[in-house]
S.K.: 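Quick one: structure below, then a few questions.
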Amino acid sequence: MKILLTGGAGYIGSHTAIELINAGYDVIIGDNFSNSKRDVIGRLEEIIKKEIQVYEIDFTNYEEVDKLFSKEEIDAVIHLAGLKAVGESCSIPLEYYRNNIESTINVLNAMKKYKVNNFVFSSSATVYGVPKAVPLKEDMPTSCTNPYGWTKYMNEQILMDVSNANPNLSIVILRYFNPIGAHESGLIGEDPNGIPNNLMPYITQVATGKLPVLSIFGNDYPTKDGTGVRDYIHVVDLAKGHVRAIEYSFKNRGIDIFNLGTGKGYSVLDIVNAFEEANNVKVPYVIADRRAGDIAECYADSSKAEKVLGWHAENDLRKMCKDAWNWQQHCIKLN
Ligand code: UD1
């Protein structure tokens, strides 16, 4: 079975490629390398000890997408390619809408032409907007607070309409919570351009001394210690969720949505403490103002994924912190 992994050189994509190959699938990576480095491929090949087929491709260009589908006999697509920075999406919304929606439409059109029926989409817990209650279940109301989130929301809607129009399709939407950690080898991990927006890459860069201090965005939220609570999930567990989703898509028709989280909420201070303890390093921090658009609490009810996909997250917070730090130390040598 040949799986096209769009955005396969990125943080989640590269880990997903490994798990798919470990599960016996052939993987084709399609990526424009706008937010990933080409040498990720060499490191991936070092981990799996074989060559990976890679296409440098812009998924917003239909001709390029069509060419790929005409050359390769693709059985299924996992679509992760897209822009993903919340702050940036507020400054250049049109780029986000164009990029994230056009690429999905192009892939779906090529799938239609080449009779590919299996599709897994990378969505986000961001589609729950400001949660009215936690833990979040898949059938709870959705809404968004920024253009990045709306692109995920709109893509979900497009997929529902496309599924209604074509009963042969099998579509799985995965709503990710907060992926952190890295592959155990330390060869791949999250490597954001510039100053990180997300908590864990910020912490690891403070721990190395590259950044002076972590700003904790608010300690007056209605949570156990006043700092924001999220559902952090090891990226390898998340990657394994894609393998289960692909297997499920081959056995079912229609459209289904699954949360991929651990079901546990940890505060920012929990993460800082766990990181310091797991790695025996200090993470100096200051309390700063709340970040615009942040919510107090967000964590998953992942029981549907457990029941239907037979998937649950296996790695605990200590392991996530250890692997994130192991990767950061390798990453310094690579950059
Ligand atoms: C963010 C995005 C979300 C996206 C996800 C992808 C926002 C508002 N949301 O989620 O749409 O799907 O990334 O990974 O950007 N924090 C600090 N200091 C920092 C960085 C973060 O205190 O320097 C806190 C935040 O306030 C939050 C927690 O850490 O409470 C997690 O933040 P982050 O890693 O950015 O993820 P989310 O905001 O949950």
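Values below: all heavy atoms of this structure, side chains included; hydrogens, waters and symmetry mates excluded. When a ligand or atom number is given, it counts from 1 through the structure's own listing order. Nothing here was measured: the structure is a model prediction, and the numbers come from that model.
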S.K.: Establish, from distance only, whether the side-chain atoms of Asn315 and Asp237 form a donor-acceptor pair under 3.5 Å.
M.R.: yes

S.K.: Checking a contact table here: which protein heavy atom is nearest atom 4 (C) of ligand 1, and how many Å away?
M.R.: Tyr148 CE2, 3.9 Å

S.K.: Checking a contact table here: which protein heavy atom is nearest atom 38 (O) of ligand 1, and how many Å away?
M.R.: Arg291 NH2, 2.8 Å

S.K.: If you measure from atom 21 (C) of ligand 1 to every heavy atom of Thr223, Leu199, Val206, which option wins on shortest distance?
M.R.: Leu199

S.K.: Supply the atom-to-atom distance Tyr11 OH to Ser36 OG, rounded to the nearest 0.5 angstrom.
M.R.: 14.5 Å

S.K.: Is the closest side-chain donor-acceptor distance between Tyr96 and Glu88 under 3.5 Å?
M.R.: yes

S.K.: May I ask you to identify, for Ser215, whether its side chain, its backbone, both or neither come under 4.0 Å of ligand 1 on a heavy-atom basis?
M.R.: backbone

S.K.: Heavy-atom distances under 4.0 Å decide this one: backbone, side chain, both or neither, for Val229 against ligand 1?
M.R.: neither

S.K.: Of all the heavy-atom pairs spanning Ala300 and Asp231, show the shortest one and how long it is.
M.R.: N-OD2, 3.0 Å

S.K.: Taking atom types as modelled and ignoring hydrogens, do the side chains of Asn193 and Asn35 form a donor-acceptor contact shorter than 3.5 angstrom?
M.R.: yes

S.K.: Is it true that Asn100 and Tyr148 share a donor-acceptor pair across their side chains at a distance under 3.5 Å?
M.R.: no

S.K.: Return the residue, atom name and 0.1 Å-rounded distance of the protein heavy atom closest to atom 36 (O) of ligand 1.
M.R.: Asn178 ND2, 3.1 Å

S.K.: Does only the side chain of Val86 get under 4.0 Å from ligand 1, or the backbone, or both, or neither? Count heavy atoms.
M.R.: side chain

S.K.: Within less than 4.0 angstrom of ligand 1, does Ser124 place any heavy atom?
M.R.: yes

S.K.: Looking at non-hydrogen atoms alone, which of Arg290, Lys84, Arg230 comes nearest to atom 30 (O) of ligand 1?
M.R.: Arg230

S.K.: Are any of the N/O atoms on Leu214, whether in the backbone or the side chain, positioned under 3.5 angstrom from an N/O atom of ligand 1?
M.R.: no

S.K.: Is any N or O atom of Asp294, backbone or side chain, closer than 3.5 Å to an N or O atom of ligand 1?
M.R.: yes

S.K.: Check each of Thr126, Asn198, Asn219 against atom 14 (O) of ligand 1 and report the one with the nearest heavy atom.
M.R.: Asn198

S.K.: Starting at CG of Leu159, measure out to CZ of Phe119 and round the result to the nearest 0.5 Å.
M.R.: 5.0 Å

S.K.: Considering heavy atoms of the protein only, find what lies nearest to atom 28 (C) of ligand 1 and give residue, atom and distance to 0.1 Å.
M.R.: Tyr232 OH, 3.4 Å

S.K.: Any idea which atoms of ligand 1 are less than 4.0 Å away from a heavy-atom of Ile216?
M.R.: 22 (O)

S.K.: Would you kindly confirm whether Met1 and Leu5 end up in one hydrophobic cluster when ILVMFWY residues are joined by side chain heavy atoms under 4.5 Å apart?
M.R.: yes

S.K.: Mind checking the CG-CZ spacing from Leu260 to Arg244? Nearest 0.5 Å is all I need.
M.R.: 11.5 Å

S.K.: How far is atom 24 (C) of ligand 1 from its nearest protein heavy atom, and which residue and atom is that?
M.R.: Val268 CG2, 3.7 Å

S.K.: For atom 23 (O) of ligand 1, tell me which residue out of Tyr285, Tyr11, Phe217 has the closest non-hydrogen atom.
M.R.: Phe217

S.K.: Is ligand 1 under 4.0 Å from a heavy atom in the side chain of Asn197, in the backbone, in both, or in neither?
M.R.: backbone

S.K.: Report the residue from Lys307, Arg175, Lys304, Lys251 that forms a salt bridge (Lys or Arg N to Asp or Glu O under 4.0 Å) with Asp256.
M.R.: Lys304

S.K.: Please tell me whether Val86 and Ile295 are part of a single hydrophobic cluster in this structure, the criterion being side-chain heavy atoms less than 4.5 Å apart.
M.R.: no

